[in-house]
Amino acid sequence: MLIAGNWKMNGSLAKAADLAECLAQQRLNRIKSNVRVAVFPPAVHLPIVVHRLQQARIYVGAQDVSAHTDGAFTGELSASMLADVGCSMVLVGHSERRARLHESNREAANKYAAAQASGLTPVLCVGETLAERDAGHTSEVVEGQISAVAEQVGWENVCLGVIAYEPVWAIGTGITASPQQAQDVHAGIRQRLGDAGEQTYILYGGSVNAENAQALFAQEDVDGGLIGGAALQAAEFLRIIQLAEEA
Ligand code: 13P
């Protein structure tokens, strides 16, 4: 199991440091935990969070990465810069970036490749809109998003990353996919990845909280969660980690 917290554009330096400190203290008491934990703070908070989590075996990642290695790309951050400040992971193709910043499958694929080239583990976010689900296109959309990356880096490298299935209609809405809906999509992804995908983490994201996590984590192909709002409160995030430990 892998439990990841996407902090999105929330908080302040002080709040990020506090949250990290709280998670670090709790994790240090649970050295034997079989659950991996990652957090994705805003980029400007990465160094302090890395510093606070250094001893706690919690991975730190960025929420986005440039597809380019360096040069005249004002405002962008390269994968090697993120690795340099202590990141080991990065989100790629989050639906908020796809929808609001018009990020395409091809851009996500380029970012994924750049992340892996610098030794970061990319977390590829995929998922359908409500209209796409209602039209019966869920698996086609999800497969298209993953295939675009596979075309760029090969299926073996897709299997080395993490996939987060986040139905757009479930993000920040309080509506989660039912455990069966999640399992169906996850099983389809697993099948598409083939043998090499048996060890690939396939996370579910979209309004996961301490109330609904247990039923989601009980599904065979749900290997953890990518948590938004509920990751901003240490107690709730820690409770979700505990549910993953018990799953
Ligand atoms: P919420 O858990 O707030 O729905 O956000 C999910 C998400 O987008 C994580 O990346």
Side-chain angles (χ1 to χ4, degrees), residues 1-11 15-16 19 23 35-43 45-46 49 58-65 82 87-101 103 108 111-112 115 120-130 132-133 138 141-142 145-146 149 161-179 181-182 185-186 189 201-217 219 222-244:
M1 286 273 182
L2 168 65
I3 301 299
N6 175 7
W7 296 358
K8 306 193 181 182
M9 197 172 71
N10 290 298
K15 278 188 185 159
L19 183 50
L23 298 179
V35 171
R36 295 178 179 214
V37 178
V39 293
F40 295 84
H45 302 156
L46 284 168
V49 172
I58 296 178
Y59 303 99
V60 181
Q63 297 173 14
D64 184 37
V65 61
L82 298 174
C87 286
S88 52
M89 305 178 91
V90 65
L91 302 182
V92 170
H94 192 281
S95 71
E96 286 151 14
R97 300 196 62 82
R98 291 180 190 266
R100 296 184 172 196
L101 300 163
E103 211 171 277
K111 290 180 174 192
Y112 190 103
L120 300 177
T121 299
V123 179
L124 176 65
C125 303
V126 298
E128 81 288 3
T129 62
L130 189 57
E132 288 163 340
R133 172 165 283 269
T138 298
V141 169
V142 168
Q145 290 167 334
I146 300 174
V149 174
V162 173
I163 294 179
Y165 169 55
E166 300 204 298
V168 177
W169 48 272
I171 295 178
T173 57
I175 303 165
T176 19
S178 71
Q181 283 173 323
V185 176
H186 284 226
I189 295 171
Y201 285 106
I202 306 177
L203 310 182
Y204 169 79
S207 297
V208 177
N209 58 38
E211 265 76 64
N212 57 33
Q214 190 174 27
L216 288 159
F217 296 165
Q219 301 304 309
V222 176
D223 307 318
L226 180 55
I227 324 291
L232 295 172
Q233 305 297 332
E236 176 134 26
F237 190 59
L238 289 162
R239 175 79 187 124
I240 294 169
I241 295 169
Q242 195 187 344
L243 291 167

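Just so you know, residue 1 is the first one in the sequence shown, and it goes up from there. Both counts, for ligands and for their atoms, begin at 1 and track the order of listing. Since the structure is predicted, the reported quantities are computational estimates derived from the model, not experimental observations.
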A.B. asks: Find all atoms of ligand 1 within a distance of less than 4.0 Å from any non-hydrogen atom belonging to Glu166, and give their numbers and elements.
C.D. replies: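 Counting from 1, the qualifying ligand atoms are 6 (C), 7 (C), 8 (O), 9 (C), 10 (O).
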
A.B. asks: Once you restrict to heavy atoms under 4.0 Å, what part of Ala170 touches ligand 1? Side chain, backbone, both or neither.
C.D. replies: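 It is the backbone that gets close, since no side chain atom is under 4.0 Å.
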
A.B. asks: Out of all atoms in ligand 1, which are within 4.0 Å of some heavy atom of Lys8? Include the element for each.
C.D. replies: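 Those of ligand 1 that fall under 4.0 Å from Lys8 are 5 (O), 6 (C), 7 (C), 8 (O).
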
A.B. asks: Ligand 1 and Ile227, any nitrogen or oxygen pair closer than 3.5 angstrom?
C.D. replies: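 No, there is no polar N/O contact under 3.5 Å.
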
A.B. asks: Please evaluate residues Lys111 and Arg97 with respect to the criterion side-chain contact (heavy atoms from CB on, under 4.5 Å), reporting the C-alpha separation (whole Å), side-chain torsions for both, the decisive distance (0.1 Å), and the verdict.
C.D. replies: CA-CA 12 Å; Lys111 290 180 174 192; Arg97 300 196 62 82; 4.1 Å; yes

A.B. asks: Give the numbers and elements of all ligand 1 atoms closer than 4.0 Å to a heavy atom of Ser207.
C.D. replies: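 That gives atoms 1 (P), 2 (O), 4 (O) of ligand 1.
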
A.B. asks: Quick check on contacts: which atoms of ligand 1 are under 4.0 angstrom from a heavy atom of Gly206?
C.D. replies: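 Answer for ligand 1: 4 (O), 6 (C).
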
A.B. asks: Give yes or no for whether the N/O distance cutoff of 3.5 Å, strictly under, is met between Thr173 and ligand 1.
C.D. replies: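 No, no N or O pair falls under 3.5 Å.
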
A.B. asks: Between Gly172 and ligand 1, is there a nitrogen or oxygen pair with a distance under 3.5 Å?
C.D. replies: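 Looking only at distances, the answer is yes, because the N/O contact criterion of under 3.5 Å is met.
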
A.B. asks: Considering all heavy atoms of both residues, which atom of Ser207 and which atom of Ile175 are nearest to each other, and what is their separation?
C.D. replies: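 Looking at all heavy atoms of both residues, the closest pair is OG-N, 3.6 Å.
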
A.B. asks: Could you list which atoms of ligand 1 come closer than 4.0 Å to a heavy atom of His94?
C.D. replies: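 Under 4.0 Å from His94, ligand 1 has these atoms: 7 (C), 8 (O), 9 (C), 10 (O).
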
A.B. asks: Between Pro167 and Tyr204, is any pair of side-chain heavy atoms under 4.5 Å apart?
C.D. replies: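 Sidechains of Tyr204 and Pro167: in contact.
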
A.B. asks: With only distance considered, is Ala230 within less than 3.5 Å of ligand 1 through an N or O on each side?
C.D. replies: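 In fact, backbone or side chain, Ala230 has no N or O that close.
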
A.B. asks: Please lay out, stage by stage, how Glu103 and Asp64 fare under the test side-chain contact (heavy atoms from CB on, under 4.5 Å).
C.D. replies: CA-CA 11 Å; Glu103 211 171 277; Asp64 184 37; 4.1 Å; yes

A.B. asks: Apply side-chain contact (heavy atoms from CB on, under 4.5 Å) to His94 and Lys8, showing your working.
C.D. replies: CA-CA 10 Å; His94 192 281; Lys8 306 193 181 182; 4.2 Å; yes

A.B. asks: Of the protein's non-hydrogen atoms, which lies at the shortest distance from atom 2 (O) of ligand 1, and what is that distance?
C.D. replies: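 So the nearest neighbour among protein heavy atoms is Gly228 N, 2.9 Å.
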
A.B. asks: Starting from the C-alpha separation in whole Å, work towards a yes-or-no answer on side-chain contact (heavy atoms from CB on, under 4.5 Å) for Val39 and Phe237.
C.D. replies: CA-CA 10 Å; Val39 293; Phe237 190 59; 4.2 Å; yes

A.B. asks: Near Gln242 CD, under 6.0 Å, is it more than 12 heavy atoms from other residues, nucleotides or ligands?
C.D. replies: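 Check passes, neighbour count above 12.
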
A.B. asks: Can you establish whether the number of heavy atoms outside Tyr201 located under 6.0 Å from its atom OH is more than 12?
C.D. replies: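 Correct, the count exceeds 12.
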
A.B. asks: Give the numbers and elements of all ligand 1 atoms closer than 4.0 Å to a heavy atom of Leu226.
C.D. replies: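 Answer, ordered by atom number: 9 (C), 10 (O).
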
A.B. asks: Only heavy atoms of Gly229, strictly under 4.0 Å: list the atoms of ligand 1 that pass.
C.D. replies: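 Those atoms are 1 (P), 2 (O), 3 (O).
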
A.B. asks: Is the ring pair Tyr165/His186 parallel, tilted or perpendicular, if the boundaries are 30 and 60 degrees?
C.D. replies: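 Aromatic pair Tyr165/His186 classed perpendicular.
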
